[in-house]
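In each ligand, atom 1 is the first atom listed, and ligand 1 is the first ligand listed. Position 1 is the first residue of the sequence; numbering continues from there.
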Amino acid sequence: MNPFQYYNPTMLIFGPGKLSLLAKQAETMGEKVLLVYGGGSIKTHGVYERVIQALQKSGKQVFELSGVEPNPRVSTARKGIELCRNHQIDWVLAVGGGSVIDCAKAIAVGCTIDADVWDLVRSKVTARSALPLGVVLTLAATGSEMNPYSVITNWETNEKIGWGSPLAIPKFSILDPELTYTLPHDQTVYGVVDIMSHVLEQYFHHQEHTAITDGFCETILRSVIEYAPLLKDDPNNEDSRSTIMHAGTVALNGITSMGTIGDWATHNLEHAVSAIFDIPHGGGLAILFPVWIRYALDRGTAPKKVAQLGINVFGLKSTDFKDELELGYATIIALEKFWRSLGAPATLSDYQITLDDAILESLADKTLIRGPFGRFQKLDRANIIEIYRRAQ
Ligand code: NZQ
Ligand code: ZN
């Protein structure tokens, strides 16, 4: 296990019905709030009215930025920054999924710097302060509600880049599972795949004596595998929605990487695909993650760890297989079978995406902006192109 530091100051307010505590929480914040939300789901499902009532009850002056896109755009963050500057906003409230929260982070931090927010995302400038951020989560997936990360897309350059700052960690996050009952099934599934992928990115590491961190990872995966299928026929299942929401937060708030260094190549591969084709993040991961694991096994990188996953998460028995490698391949099949049983896509052709040589090169360029990547399995240009080919 590596030495580590852990810092996570988000006040989590978790539980069915807990949106009712927003007014009380808002009382602890400044007077002028920028309310950031997406394309309208919160209006359709009555969340917007409840949020506005809570903010009015606590005496806030509310300004709004609506229309944050899935795969949020830097152009939208710029609009929010302008609003903050023009109205001397005191704090930002994100109501939505990861895209809304990520955009709100870019606004909250970006409005304090003397440069364009894209320079912040590209790590060309470092922020020294930020407006405080509050969150009401409506989609369990990214973990953005309790982490320092944000992923922003620039449609002028077709780049999708993740950045992070401790200043962007939300001050409070209200996690009310009831707000996720209205999710369409495909968004629920993308969320589940994203949650599991975050755990897998961190589970594939080379550190040893990491029993607690590996155990956290395995518990989260087993819980998601047990509870997610219930939502197919029963989207209002409180236990399942609560478990998935809890899983999404702890899957990427630092607990699952204590003392370890995860891989994160698959996220980089996926971000390049959604930067060009604008597909849902979780859909891209469902396609690419099994390909990445199989590629690792083919190169002899990971049999022991994949076998551990198969035994501890998917309940496979080592005695049923010739060796770790055979067990590893069976584990990938179990993972694919689970995701497909939920309705996740399996190949890029499910999104009508075909990759010619020019697109393959362009995808590889985007993934390599910060150089070769993958800390568990290092990938060079040829490896990257091969993985994309296999994902078709
Ligand atoms: O825009 P609205 O109308 O609100 O609709 C949204 C959106 O269309 C809808 N939705 C959200 N809550 C709903 C709902 N519909 C009905 N009922 C509800 N309760 O769902 C759609 C997708 O929302 P989005 O926020 O885009 O999804 P998600 O939470 O999966 O976020 C994806 C973004 O987060 C980034 C991804 O790359 C992608 O850009 N990520 C952020 C991370 C982070 N900050 O730590 C890590 C992740 O790995 C990921 O990269
Ligand atoms: Zn993700």
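Here is the list of ligand 1 atoms found below 4.0 Å of a heavy atom in His267: 48 (O). The atoms of ligand 1 that sit less than 4.0 Å from any heavy atom of Ala141 are 29 (O), 30 (O). For ligand 1 and Asp194, the ligand atoms under 4.0 Å from any heavy atom of the residue are 47 (C), 48 (O). Near Asn71, meaning under 4.0 Å from one of its heavy atoms, ligand 1 places the atoms 38 (C), 39 (O). Set against the non-hydrogen atoms of Asn147, the atoms of ligand 1 under 4.0 Å away are 45 (O). Set against the non-hydrogen atoms of Gln187, the atoms of ligand 1 under 4.0 Å away are 20 (O), 21 (C), 22 (C). Near Ser41, meaning under 4.0 Å from one of its heavy atoms, ligand 1 places the atoms 2 (P), 3 (O), 4 (O), 5 (O), 10 (N), 13 (C), 14 (C), 15 (N), 16 (C). Taking every non-hydrogen atom of Lys160 and a distance limit under 4.0 Å, the qualifying atoms of ligand 1 come out as 36 (C), 37 (O), 38 (C), 39 (O).
Assignment of Pro72 to the shell around ligand 1 is supported, since a heavy atom sits closer than 4.0 Å. Heavy-atom distances between Ser274 and ligand 1 stay at or above 4.0 Å for every pair.
Residue Thr142 holds the heavy atom nearest to atom 42 (C) of ligand 1 of all those in Thr142, Val47, Val100. The heavy atom nearest to atom 13 (C) of ligand 1, out of those in Leu183, Leu139, Ile152, is found in Leu183. Comparing Ala94, Gly98, Ser150, Pro148 against atom 29 (O) of ligand 1, the shortest heavy-atom distance belongs to Gly98. Of the listed residues (Thr188, Leu137, Ile195, Asp102), the one carrying the non-hydrogen atom nearest atom 35 (C) of ligand 1 is Asp102.
In this structure, atom 7 (C) of ligand 1 lies nearest to the protein heavy atom Pro70 CG, 4.0 Å. From the protein, the heavy atom lying nearest to atom 47 (C) of ligand 1 is His198 NE2, 3.4 Å. Distance from atom 17 (N) of ligand 1 to its nearest protein heavy atom, with residue and atom name: Thr182 OG1, 2.8 Å. Here the heavy atom of the protein found nearest to atom 24 (P) of ligand 1 is Ser99 OG, 3.4 Å. Given atom 50 (O) of ligand 1, the protein heavy atom at minimum distance is His271 NE2, 3.0 Å. The protein heavy-atom contact nearest to atom 12 (N) of ligand 1 is Thr138 OG1, 2.8 Å.
Arg381 has a carboxylate O that lies under 4.0 Å from a charged side-chain N of Glu361, or vice versa, which qualifies the two as a salt bridge. By the 4.0 Å N-to-carboxylate-O rule, Arg122 lies too far from Asp116 to be salt-bridged with it. Taking a cutoff of 4.0 Å between a charged side-chain nitrogen and a carboxylate oxygen, Arg299 and Glu386 do not qualify as a salt bridge. In this structure, Asp263 does not pair ionically with Lys305, as no charged nitrogen and carboxylate oxygen lie closer than 4.0 Å.
The aromatic ring centres of Trp292 and Phe289 sit less than 6.0 Å apart. Taking the centre of each ring, Tyr48 and Tyr37 come in below the 6.0 Å mark.
Remark: the backbone N or O of Leu269 is paired with a side-chain donor or acceptor of Tyr388 at under 3.5 angstrom. Put simply, the side chain of Arg241 gets close to the backbone of Thr180: a donor and an acceptor are under 3.5 Å apart.
By the criterion of a heavy-atom distance under 4.0 Å, neither the backbone nor the side chain of Ser197 is placed next to ligand 1. For Glu69, no heavy-atom contact with ligand 1 is shorter than 4.0 Å.
For the pair Lys105 and ligand 1, the shortest N or O to N or O distance does not fall below 3.5 Å. The N/O atoms of Gly40, backbone and side chain alike, include one that comes under 3.5 Å of an N/O atom in ligand 1. Residue Gly39 has at least one nitrogen or oxygen atom sitting less than 3.5 Å from a nitrogen or oxygen atom of ligand 1, judged on distance alone. Among the atoms of Leu179, some N or O lies under 3.5 angstrom from an N or O of ligand 1.
Put simply, the residue from Leu133, Leu21, Leu93 that forms a side-chain contact (heavy atoms from CB on, under 4.5 Å) with Phe172 is Leu93. Tested against Asn253, the residues Ile169, Asn8, Leu12 include a single side-chain contact (heavy atoms from CB on, under 4.5 Å) partner, Asn8. Residue Leu309 is tested with Leu335, Ile332, Leu327, Leu221 for a side-chain contact (heavy atoms from CB on, under 4.5 Å); the sole match is Leu221.
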**OP:** List the steps and the verdict of side-chain contact (heavy atoms from CB on, under 4.5 Å) for Tyr190 and Leu139.
**Re:** CA-CA 10 Å; Tyr190 296 145; Leu139 198 174; over 6 Å; no
**OP:** Using the side-chain contact (heavy atoms from CB on, under 4.5 Å) rule, take Leu363 and Ile384 through it: C-alpha gap first, then chi angles, then the decisive distance, then the call.
**Re:** CA-CA 9 Å; Leu363 285 168; Ile384 294 161; over 6 Å; no
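When only modelled atom types and interatomic distance are considered, Thr260 and Gln202 share no side-chain donor-acceptor pair under 3.5 Å. A donor-acceptor contact under 3.5 angstrom links the side chains of Thr76 and Glu69, judged on distance only. Counted by atom type alone, Ser144 and Asp102 present one or more donor-acceptor pairs between their side chains at under 3.5 Å.
Here the angle at the Zn ion (ligand 2) defined by NE2 in His198 and OD1 in Asp194 stands at 80°, rounded to 10 degrees.
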